[in-house]
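The next block holds one structure in the form of structure tokens; read it before the comments.
Values below: every heavy atom of this structure, side chains too, minus hydrogens, waters and symmetry copies.
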Amino acid sequence: MSEIRWQEPLCGAGGNACIQIGHTTTGTPILRETARPHETIATTRDALRNLVEAAKRGELDHLL
């Protein structure tokens, strides 16, 4: 896999539940939990966009 450029982690209260989003040099979005840095999920830009938009609309609130 290409080198991954990670963004700063997005952490909840207490700073112990962090998600990090990055992308490869070819533009593939990658997600991981900072507590498990070697376990990653690769996705597509469209799928990530759909996830973010669904979260903004509150469609994922029942998961919290």
Side-chain angles (χ1 to χ4, degrees):
M1 183 175 285
S2 302
E3 179 184 339
I4 300 171
R5 296 186 179 112
W6 295 105
Q7 301 293 315
E8 289 296 315
L10 305 167
C11 299
N16 59 354
C18 303
I19 296 290
Q20 211 167 10
I21 300 174
H23 65 288
T24 65
T25 55
T26 60
T28 301
I30 307 288
L31 295 98
R32 71 178 178 183
E33 278 190 59
T34 55
R36 297 177 177 208
H38 300 295
E39 297 177 22
T40 62
I41 298 172
T43 188
T44 64
R45 294 174 69 97
D46 286 339
L48 181 57
R49 183 180 297 110
N50 291 339
L51 176 67
V52 170
E53 289 175 357
K56 287 180 179 180
R57 291 190 300 268
E59 294 177 16
L60 306 176
D61 289 355
H62 67 283
L63 299 172
L64 303 176

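- L51 has its side chain out of reach of T43: every pair of non-hydrogen atoms, C-beta onward, lies at least 4.5 Å apart.
- Tracing side-chain contacts under 4.5 Å through hydrophobic residues (I, L, V, M, F, W, Y), one reaches L63 starting from V52; they form part of the same cluster.
- The structure places CD1 of I30 at 10.5 Å from CG of L48, a figure rounded to the nearest 0.5 Å.
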Self-check item: From CA spacing to verdict: side chain to side chain contact (heavy atoms under 4.5 Å, CB included), R5, T25
Solution: CA-CA 8 Å; R5 296 186 179 112; T25 55; 3.6 Å; yes
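- Annotation: the span from W6 atom CH2 to T40 atom OG1 amounts to 6.0 Å, rounded to 0.5 Å.
- L60 and L31 fall within the same hydrophobic cluster, defined by Ile, Leu, Val, Met, Phe, Trp and Tyr side-chain heavy atoms under 4.5 Å apart, directly or through other members.
- Counting only residues at least two apart or on different chains, the salt bridge (charged side-chain N to carboxylate O under 4.0 Å, His left out) pairs with a member in residues 17-37 are R36-E39.
- In plain terms, the two heavy atoms of E59 and R57 that are nearest each other are OE2-NE, 2.6 Å.
- The main-chain N or O of Q7 is found under 3.5 Å from a side-chain atom of Q20 such that the two form a donor-acceptor pair.
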